[in-house]
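Below is one structure; the comments refer to it alone.
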Amino acid sequence: MRFAFTDQQLEFRDAVRQVLTKECTTADVRAAFEDPGTPSGRWAALADMGIIGMTVPENLGGLGLSLIDVVPLVEEAGRVALPEPLGLTVGVAAPLLTACVSGDDADASARARTWLERIAGGDAAAAIGTHAGPDVPVAGAAGANLLLMTAIGPEGPVVHAVAGTDVSITPVSTLDPTRRLASVAWQPGTDTVVASAPLSPALLERTAQRAAVITAAELLGLAEAMIDMTAAYAKERQQFGKPIGSFQAIKHLLAGAQVVLEFARPTVYGAAWALDHDEADAGRSASVAKAYASEAALEAARVSLQVHGAIGYTWECDLQLFLKRSWALAEAWGSASDHRALVLESLLAVR
Amino acid sequence: MRFAFTDQQLEFRDAVRQVLTKECTTADVRAAFEDPGTPSGRWAALADMGIIGMTVPENLGGLGLSLIDVVPLVEEAGRVALPEPLGLTVGVAAPLLTACVSGDDADASARARTWLERIAGGDAAAAIGTHAGPDVPVAGAAGANLLLMTAIGPEGPVVHAVAGTDVSITPVSTLDPTRRLASVAWQPGTDTVVASAPLSPALLERTAQRAAVITAAELLGLAEAMIDMTAAYAKERQQFGKPIGSFQAIKHLLAGAQVVLEFARPTVYGAAWALDHDEADAGRSASVAKAYASEAALEAARVSLQVHGAIGYTWECDLQLFLKRSWALAEAWGSASDHRALVLESLLAVR
Amino acid sequence: MDAPMDLHGTPTQEAFRAEARAWLEAHAPAPRSLPSLDTASGFEAHRAWEAEMAADRWSVVSWPEEYGGRGVGILEWLIFEEEYWKLQAPLRVSQNGIFLLAPTLFEFGTDEQKSRFLPPMAAATEIWCQGWSEPDAGSDLAGIRSRARRSETEGGWVLTGQKTWASRGAFAEWCFGLFRTDPEAERHKGLTYFLIDMATPGVTVRPIPQIDGETGFAELFFEEVFVPDHLVLGEVGKGWNVAMATAGSERGLSLRSPARYTEAANRLVDLYAERFTGDPDRTRRSADAVAAAWMDAEAYRLNTLWTATRVLEGGAVGPEASANKIHWSQTDLAIHRAALDLLGPTAEFHGDGIDAPWLDGYLFALAGPIYAGTNEIQRNVVAERMLGLPRA
Amino acid sequence: MDAPMDLHGTPTQEAFRAEARAWLEAHAPAPRSLPSLDTASGFEAHRAWEAEMAADRWSVVSWPEEYGGRGVGILEWLIFEEEYWKLQAPLRVSQNGIFLLAPTLFEFGTDEQKSRFLPPMAAATEIWCQGWSEPDAGSDLAGIRSRARRSETEGGWVLTGQKTWASRGAFAEWCFGLFRTDPEAERHKGLTYFLIDMATPGVTVRPIPQIDGETGFAELFFEEVFVPDHLVLGEVGKGWNVAMATAGSERGLSLRSPARYTEAANRLVDLYAERFTGDPDRTRRSADAVAAAWMDAEAYRLNTLWTATRVLEGGAVGPEASANKIHWSQTDLAIHRAALDLLGPTAEFHGDGIDAPWLDGYLFALAGPIYAGTNEIQRNVVAERMLGLPRA
């Protein structure tokens with residue numbers, strides 16, 4: 001039994017932190033807020049480090065790593081409010097395509113390989129629409145060059161990998177513009193199929209669970225960033241002749257948020273490990289993680305805004321970048337209460 | 001539109017407060033905790049003031065008053081943790097019997113009158129078992145000399161008024177011994193019927209609503225008493241060289257409880273008025289009141305125990321008397337979540 | 001007081017309700033049909049709507065007729081608000097004037113001040129913003145540093161300093177605020193309450209873009225701004241008492257009318273009912289939160305009636321105003337949080353979409369525990385003044 | 001550390017689990033079959049059970065074999081606890097000794113002290129109570145006034161003062177506590193950690209009846225109680241550091257094992273399932289609270305594994321121990337509050353009834369945010385030491 005990252009995983013995380021600290025400042029995120037299409041060198045920098053391809057099998061140019069390796073890096077992405085879909089591409093799209101490679105249909109398998117090679121080359125940013133009905137907007141659709149979608153065939157859902165150039169999108173206005181939500185119109189064709197036999201519902205379910213855990217990891221980073229910047233503000237901001245952080249009410253607000261975050265963290269790591277090892281309770285673990293991380297981020301957001309006061313309510317204050325992402329991701333891939341319902345259902349199923 | 005008590009109602013309340021302050025000290029309540037059968041002059045003192053018979057029609061020796069007149073007095077009963085079933089006798093049993101008087105069956109009507117006269121004479125303390133199934137214990141059954149019970153006849157529920165001497169009781173151990181909960185075994189006979197034609201389900205429902213509002217009023221008093229004694233303790237208890245009440249954490253705990261209590265109060269008064277006037281939304285108002293008052297008392301209990309610290313956890317500390325009653329009454333006649341469900345159901349019904 | 005409790009309106013009150021409803025139904029803009037009042041065009045659209053109300057004497061019903069009102073009481077004002085919010089009529093662009101300044105003017109203003117300022121306030125031809133907070137005086141309001149220097153020669157005061165978080169300050173014609181007239185006096189003392197024409201030379205306005213990108217509030221810079229003596233409200237040096245007297249007695253009652261939350265709570269139940277039809281299992285999970293939020297609004301309505309009756313019968317509103325502030329701000333959050341939970345993945349929609357107003361409302365609700373005195377400060381007041389706990 | 005993450009037990013660990021389970025299944029008393037350990041007879045019944053465990057070396061598995069343990073690590077201890085709680089085996093009457101004093105003895109005790117005290121502690125022949133709090137030193141623990149006067153002639157110390165809230169103090173044989181050996185030193189300084197035989201002349205015990213009528217704790221009065229030098233733990237005058245070093249490094253991990261909450265959380269789900277069959281509509285309302293409480297226990301389990309791994313790999317437990325305390329006490333309350341909500345009208349049942357244990361558990365849970373340092377104090381620690389906020 002060992003519940004900790006390896007030294008290698010920590011070194012990778014530290015390296016990513018270093019790059020993101022430089023390449024993704026709040027000014028950069030702000031620029032993406034103003035125009036989500038703003039070109040940046042961030043994706044290329046991550047690709048150069050091998051991050052974008054880290055879960056692509058080694059024979060396709062990747063590093064063949066697992067979700068547990070991705071999670072600490074996505075946490076870092078959350079800490080800087082990275083606008084790009086790092087987690088969904090690396091933690092969800094690549095594993096799904098990898099599962100498609102082993103299918104019987106050589107054409108479909110080859111297509112999945114090609115996309116995986118593009119991901120490994122840093123050349124594809126993915127949006128995951130596998131669970132979206134025809135009218136449900138897909139996050140990241142407006143910027144993605146790879147969209148993973150499902151079409152219901154006669155035997156069940158079939159997965160398609162569609163190029164960004166082959167879909168027509170209708171953007172949806174959201175509070176955080178970097179979410180790039182859009183409705184996607186596309187034509188399922190034989191040339192986009194990556195799994196010609198219908199994928200098992202279990203694999204699609206697993207995809208949603210991976211997305212939940214990846215989103216949870218991002219929420220951990222966001223929560224930590226908000227608590228940190230708020231604690232820093234509380235040390236500096238003076239009222240009644242002393243820093244507001246010396247008032248017990250402020251301390252206890254922040255301490256409460258910190259406690260939730262502390263306990264959310266291992267649930268996310270545990271869920272990533274469980275998914276990697278196909279544990280019997282992996283789905284439930286994923287739900288625990290997403291519910292906990294959503295609550296942690298919502299509480300950190302609430303407390304941070306309250307401690308900042310009116311300043312936190314301004315466009316100028318960087319806090320807004322983290323608040324908006326948190327509010328969006330807390331609901332994405334299942335809200336806290338959605339996942340609590342799943343947890344209870346799963347507990348009752350084994351009784 | 002006028003949402004306030006009359007001067008008369010307030011004078012009545014003040015008079016009751018004066019009597020209870022003298023006749024129902026915490027030492028008296030403690031004696032009742034040690035032995036719930038301890039004789040006391042409290043009931044007689046209240047009867048002498050006309051309180052016990054206040055809702056009995058004037059022609060039967062009472063004052064012919066309404067629920068809204070009873071509520072502030074029951075609040076006072078809660079403030080001193082009165083062990084006797086004042087609210088249920090005056091606010092629930094007497095109105096139910098009064099409704100029975102106007103029935104067609106002269107014998108049943110006469111029986112209801114006789115009981116009402118006994119209540120007016122201060123000679124009957126009631127327990128309400130109309131909603132209890134055969135195995136469900138009834139609060140106050142162990143001390144009551146009047147038990148209102150229902151038996152299901154061929155046409156529906158029929159109400160019986162049974163003398164305490166005619167039932168066989170099996171006490172149930174509860175945390176607050178003055179609750180005197182017991183399972184009641186009794187034999188429906190023609191000589192106990194007070195409403196020979198089955199009472200309308202609406203009237204029984206109304207009885208439960210009255211009980212909910214009466215219990216809510218008692219919870220208001222309990223919550224106020226706990227907050228008051230805790231604020232007093234926080235002013236006196238010193239730690240770190242100053243009264244603990246000067247720490248913001250303690251202030252905010254108590255302030256939070258006080259705010260809930262402040263907003264619970266008018267919901268109880270509004271519900272009593274609505275029941276008195278058979279308003280269309282009276283049942284919903286009763287549920288709002290009980291849900292709010294339950295939450296107010298539970299929050300006051302939680303905060304009071306927390307602020308008292310270990311002392312509050314002792315038998316010696318008077319707080320326990322109020323805590324235990326609060327925990328019991330918060331669940332009695334429907335918990336907060338039971339009533340919230342009823343509220344939503346009623347809101348949806350009119351949509 | 002021997003009249004029995006009665007939660008029904010009198011025939012006169014119900015007639016007033018019917019009249020108000022009829023007028024509003026005929027005139028009120030459709031829900032969300034005006035642009036946001038935190039934009040320049042929305043500000044003017046809202047001003048036009050209030051001018052329309054004023055023309056038929058519906059903008060400030062509880063004011064005396066001479067100032068543009070109908071001279072009705074506080075209960076009638078609550079009735080009017082109920083009808084107003086039922087139709088989801090627009091937010092009041094003149095709220096700072098009519099709800100915050102006006103009660104103070106009625107209590108402390110000279111006859112000249114009242115005649116000069118109340119009618120255009122009622123007509124929305126002059127819109128007011130508030131100049132309380134400063135960069136270093138937020139929760140610690142008594143830490144105000146903006147100062148006013150006496151000019152005997154000119155017969156007035158010369159104001160210098162900076163105010164911030166002035167809602168609608170980017171567009172308002174007038175500002176009311178506290179300035180330090182006695183630099184030697186400590187904290188609460190030596191402050192004076194001024195009425196300031198924003199067109200006076202030396203006033204500079206810097207709009208502050210809000211979290212949603214709109215310019216809801218502004219910073220105000222005062223550089224040697226002359227304010228004549230007749231624009232001092234109340235006594236010189238007593239500004240704190242002037243500001244706080246009204247905060248204590250009226251503000252708790254009139255700042256946020258219960259009808260606003262009742263309306264939002266009812267919309268929440270509608271949303272629940274609508275979603276329930278589509279997905280009963282998922283929706284059922286939100287039932288407790290929806291009911292609790294609705295009840296919070298209902299308790300606020302009843303508590304306001306309770307307080308209004310007390311005030312009508314000569315009572316005062318003391319520290320309960322702080323309990324009130326805590327309650328309505330929490331209620332607003334509870335309503336909107338429950339709504340977003342019901343919406344789930346569409347909760348993040350913004351702009352003109354059908355679900356978007358809940359997110360806007362949530363953003364606004366999140367500010368509730370902050371403005372008008374943070375809830376932390378209000379809890380101190382409740383603990384110290386209602387429960388007698390010692391100051392730190 | 002290059003071993004990959006692995007939440008499965010090693011074959012050795014699973015063999016240990018199987019052995020523990022087999023022994024416990026053969027020996028553990030049925031759930032709730034022993035009288036309460038806060039009564040005289042229950043105390044002895046629990047002592048007998050622990051003696052039985054000790055006889056087969058199951059009472060303190062993580063201690064070295066020479067002191068009665070099995071020399072296994074902290075992960076194995078957690079495994080043992082899982083098996084122990086799964087069977088709802090009795091609360092540990094020697095918990096103050098084995099969980100609070102023992103880690104300190106291991107760190108600061110002399111070889112003689114360890115040999116003298118650990119074996120009878122493991123065997124439950126000597127049961128310890130804690131002498132920290134005083135009537136005026138609760139949250140303000142550094143305000144301790146009980147003092148110890150030096151007696152050079154006798155080679156020891158003479159203790160005078162009063163301690164309170166000593167759990168099981170009414171029955172315990174030994175007490176560990178802090179006394180002021182330097183009356184001039186301020187607050188945290190000048191305190192010394194003593195091991196006190198309760199049979200020493202001058203020790204008087206006054207049992208304190210608890211809220212439920214049982215004598216769970218006691219006041220201890222010390223009048224000129226002689227304690228020889230060899231019963232000082234750690235350095236004279238360093239008692240605060242001795243006490244706190246362990247509180248920081250071990251207490252957060254060993255005071256409340258996660259298995260206890262996992263067991264209660266699973267019983268809560270059982271209760272839900274059972275009630276759901278009878279009344280799905282009513283029960284469904286509690287679903288969110290039941291799931292949330294279960295998840296709190298699950299998060300506590302995972303966090304403990306996380307911390308245990310860090311400790312095993314040379315890390316230390318700092319202020320996270322305070323976060324831990326806040327979390328487990330809230331978890332316990334959440335579990336029991338949800339259960340009482342499910343029970344509804346039978347929630348108030350007490351004594352031997354089938355539903356009664358939930359109320360007992362609630363009473364115990366309510367004490368959680370108070371003992372072992374109130375949660376208010378713990379939140380100060382989290383804010384100051386994890387987030388660096390300034391002291392008041």
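To find a chain, count down the sequence lines: A is the first, B the second, and so on, and within it residues start at 1. Every heavy atom of this structure was used, including side-chain atoms; hydrogens, water molecules and symmetry mates were not.
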Item checked: Criterion side chain to side chain contact (heavy atoms under 4.5 Å, CB included) on C/W165 and A/I311, from CA distance to verdict -> CA-CA 9 Å; C/W165 316 129; A/I311 278 274; 3.6 Å; yes
Item checked: Side chain, backbone, both or neither of C/A137 within contact of chain A (heavy atoms, under 4.5 Å) -> backbone
Note to self: Counting C-beta onward and ignoring hydrogens, is there a side-chain heavy-atom pair between C/P345 and A/W333 closer than 4.5 Å?
What the structure shows: no
Next item on the list: Return the option, out of C/L363, C/D341, C/T374, C/D212, with the maximum number of heavy-atom pairs under 4.5 Å with chain A.
Entry: C/L363
Item checked: Any donor-acceptor pair under 3.5 Å from A/S173 side chain to C/H350 backbone -> yes
Item checked: Non-hydrogen side-chain atoms of A/W315 and C/T215 separated by less than 4.5 Å -> no
Notebook entry, point to check: What's the verdict on salt bridge (Lys or Arg N to Asp or Glu O under 4.0 Å) for A/E299 and C/R337, showing C-alpha distance, side-chain angles and the deciding distance?
Noted result: CA-CA 12 Å; A/E299 182 61 5; C/R337 191 62 250 171; over 6 Å; no
Next item on the list: Enter the distance from C/D281:CG to A/E345:CD here, rounded to the nearest 0.5 Å.
Entry: 8.5 Å
Note to self: So which residue, A/V136, A/T174, A/D176, A/I250, ends up with the most heavy-atom pairs under 4.5 Å with chain C?
What the structure shows: A/T174
Item checked: Which atom of A/P137 lies closest to which atom of C/F349, heavy atoms considered -> CG-CZ, 3.7 Å
Margin query: How about CZ on C/R391, more than 12 heavy atoms from neighbouring residues, nucleotides or ligands closer than 6.0 Å, or not?
Written below: no
Check: For C/R187, is it the side chain, the backbone, both or neither that has a heavy atom under 4.5 Å from a heavy atom of chain A?
Finding: side chain
Item checked: Side-chain donor/acceptor of A/Q239 to backbone N/O of C/D140, under 3.5 Å -> yes
Notebook entry, point to check: For A/A328, is it the side chain, the backbone, both, or neither that has a heavy atom closer than 4.5 Å to a heavy atom of chain C?
Noted result: both
Check: Distance-only, no hydrogens or angles: does the C/R285 side chain make a donor-acceptor pair with backbone N or O of A/S337 under 3.5 Å?
Finding: yes
Notebook entry, point to check: Looking at A/Q320, A/Q238, A/R237, which one has more heavy-atom pairs under 4.5 Å with chain C than the rest?
Noted result: A/R237
Next item on the list: Please answer whether the main-chain N or O of C/P369 pairs with a side-chain N or O of A/Q306 as donor and acceptor at a distance below 3.5 Å.
Entry: yes
Item checked: C/E376 versus A/L253, closest heavy-atom pair with distance -> OE2-CD1, 3.5 Å
Notebook entry, point to check: So which part of A/T314 gets closer than 4.5 Å to some heavy atom of chain C, the side chain, the backbone, both or neither?
Noted result: both
Next item on the list: Supply the atom-to-atom distance A/H308 NE2 to C/I370 CD1, rounded to the nearest 0.5 angstrom.
Entry: 10.0 Å
Checklist line | Sidechain-backbone polar pair: A/Y313 side chain, C/F364 backbone, donor-acceptor under 3.5 Å | finding: yes
Note to self: Would you say NZ of A/K235 has more than 12 non-hydrogen atoms from neighbouring residues, nucleotides or ligands within 6.0 angstrom?
What the structure shows: yes
Margin query: Consider side chain to side chain contact (heavy atoms under 4.5 Å, CB included). Of A/L175, A/L181, A/L329, A/V172, which one does C/E348 pass it with?
Written below: A/L181
